[in-house]
Amino acid sequence: MANDTLTITDNRTGKTYEIPVENDTIRAMDLRQIRVNEDDFGLMSYDPAFGNTASCKSKVTFIDGGKGILRYRGYPIEQLADNSSFLEVAYLLLYGELPTKEQYKEWQNGVVHHTIIHENIKKFIDGFRYDAHPMGMLLGTVGALSTFYPEAKEIFDEQSRELQIHRLIAKMPTIAAFCYRHRVGLPYVYPDNDLTYVGNFLNMMFRMTELKYKPNPVIEKAIDILFMLHADHEQNCSTNAMRNVGSSHADPYSSTAAAIGALYGPLHGGANEAVLIMLNQIGSKDKIPAFIKSVKAGETRLMGFGHRVYKAYDPRARIIKNKAHEVFEETGRNPLLDIALELEKIALEDDYFIKRRLYPNVDFYSGLIYQSMGLHPSMFTVMFAIPRTAGWLAQWKEMLSDDELKIARPRQVYLGAGERDYVPLDDR
Ligand code: ACO
């Protein structure tokens, strides 16, 4: 049987090193022993966007990007989307197993208990400009929660950690809905804990003068599925931000605010909003060839296409695409769907996209569903942040119990000036 090692010959010195291989991975630190001379710092690996670097060991989510497989704690995403609910999936991600009936009841009650936010939070949401982007408001408000719950900094106290986890899962929909109501100039709606997690969110978003809000069951179910699909995605940009900031032992509100900031970017969660903007700009099917031409010329990107990990159809996009038809039966067909379908068809037949293995990702169709439910595009990324909070917290929790936990501190390849003497301003 072959040795689980890698033999490296340094051609600069002629020396040979044997490095252990574990889980198809070498430890970058094992390269440090490779030196030209005693003063040499040692060999490093250079990987600017973590293209081939594992930053942690994790048991939360598995992705096989080549085969289009996504599993939470071993369960295929398709089975969860068909049979589970967001709150159950959040429990699964956070605690590693599907809950028993008893555990689920306790979890659900625990979350419901924390849906209300401090009245002062309303006041500072009021302070945002009338046209503030909900993601900016969400980021600021979640970060500010650490000032309401100072005990959250006790991150190694299990009881405190659990309390903050319950609070964050419970308050995200409330804060998100309040940010939305502020943006559209409507009064805030308080949580109705008789409703489901998603039903209550819809209540806080859309209730007008009715005494009791009754969510549309088709829309409620569709959002629940979308929330499950968005709940975790292993070491993506925002999860890496969560782990990175959390590695300094920051409280979970500050770390989650950092993750929200990462998600906001148009190359990550912000892509669902960008897809809608793009489809509107294209405007009609006859404009698609010209648009594809500009994408191929590198002038713009086909938003909602491509993924760092998936080099096959994103399994979440497939589920969402199928779900879209059910939602449109309820809400009326979104006219942008025809442009999206045609765009997908043309792109999937085009050599540029085939060669680069670019397929629709989770963001390609989700915005169309959200828009037909009456959501403004600025809320789309917020709809991503609410469920992803479960994944961020599961990854954060896992990181804190990792016996290899250290503050994240990458190295750099320094290419700047050598030492030089300061020149006074008058002499420059
Ligand atoms: N449209 C056109 N070309 C693309 C696209 C796209 N959407 N995505 C990648 N490419 C091209 C690149 O130009 C590059 O071509 P080249 O080799 O000729 O230079 C090649 O495909 C590889 O692209 P990279 O940017 O190196 O791929 P990377 O893994 O770094 O990026 C990313 C992944 C950011 C998702 C990228 O595909 C992208 O920008 N997509 C559009 C934004 C988007 O939909 N983001 C959501 C991702 S899912 C999520 O975060 C929830």
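We count ligands from 1, going down the list as the structure has it; atoms in each ligand are counted the same way.
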Just which atoms of ligand 1 are under 4.0 Å from any heavy atom in [X]?
X: Gly304; value: 43 (C), 44 (O)
X: Leu302; value: 1 (N), 2 (C), 6 (C), 7 (N)
X: Asp363; value: 46 (C), 48 (S), 49 (C), 51 (C)

Ligand 1 versus [X], non-hydrogen atoms closer than 4.0 Å: side chain, backbone, both, neither?
X: Val275; answer: neither
X: Val362; answer: side chain
X: Leu267; answer: both

Query raised in the report: Is the side chain of Asn200 donor-acceptor paired with the backbone N or O of Asp192 at a distance under 3.5 Å, no angle test?
Result: yes
Nearest-contact summary for [atom] - protein heavy atom, Å:
atom: atom 42 (C) of ligand 1; value: Met303 CE, 3.5 Å
atom: atom 40 (N) of ligand 1; value: Phe305 O, 2.9 Å
atom: atom 2 (C) of ligand 1; value: Val295 CG1, 3.5 Å
atom: atom 35 (C) of ligand 1; value: Gly306 O, 3.7 Å

Query raised in the report: Is the His307-His233 ring centre distance short of 6.0 angstrom?
Result: yes
Query raised in the report: What are the two closest heavy atoms between Leu393 and Pro252, and how far apart are they?
Result: CD2-CB, 4.4 Å
Report task. Grab the two heavy atoms, one from Ala231 and one from Leu93, that are nearest each other, plus how far apart they are. Result -> CB-CD1, 3.6 Å
Where the closest heavy atom to [atom] is concerned, which of [options] has it?
atom: atom 36 (C) of ligand 1; options: Arg356, His307, Arg301, His233; result: Arg301
atom: atom 43 (C) of ligand 1; options: Ala262, Ala317, Gly51, Ala271; result: Ala271
atom: atom 50 (O) of ligand 1; options: His268, Lys311, Arg308; result: His268
atom: atom 3 (N) of ligand 1; options: Tyr352, Tyr359, Phe353, Tyr310; result: Tyr352

Report task. Report yes if the side chains of Arg316 and Leu70 come closer than 4.5 Å at any heavy-atom pair, otherwise no. Result -> yes
**Report entry** Any Leu87 side-chain heavy atom under 4.5 Å of Trp107 side chain
**Finding:** yes
Query raised in the report: Would Phe384 count as a contact of ligand 1 if the rule is a heavy atom under 4.0 Å away?
Result: yes
**Report entry** Test: Lys321 and Glu344 ion pair at under 4.0 Å
**Finding:** yes
Does the protein place any heavy atom closer than 4.0 Å to [atom]?
atom: atom 30 (O) of ligand 1; result: yes
atom: atom 26 (O) of ligand 1; result: no
atom: atom 22 (C) of ligand 1; result: no

Report task. Decide if atom CD of Gln103 counts as having more than 12 heavy atoms of other residues, nucleotides or ligands within a radius under 6.0 Å. Result -> yes
Query raised in the report: CG of Asn83: more than 12 outside heavy atoms within 6.0 angstrom?
Result: yes
Query raised in the report: Just checking, any donor-acceptor pair under 3.5 angstrom between side chains of Asp232 and Thr61?
Result: yes
Requested in this report: Would you sort out whether Tyr264 and His133 count as a ring pair (Phe, Tyr, Trp, His ring centres under 6.0 Å), showing the intermediate values?
Outcome: CA-CA 10 Å; Tyr264 195 178; His133 195 288; 5.0 Å; yes
Report task. Please confirm whether Leu358 comes within less than 3.5 Å of ligand 1 when only nitrogen or oxygen atoms on both sides are compared. Result -> no
Query raised in the report: Does NZ or CZ of Arg181 lie under 6.0 Å from the centre of the six-membered ring of Tyr188, at an angle within 45° of the ring axis?
Result: no
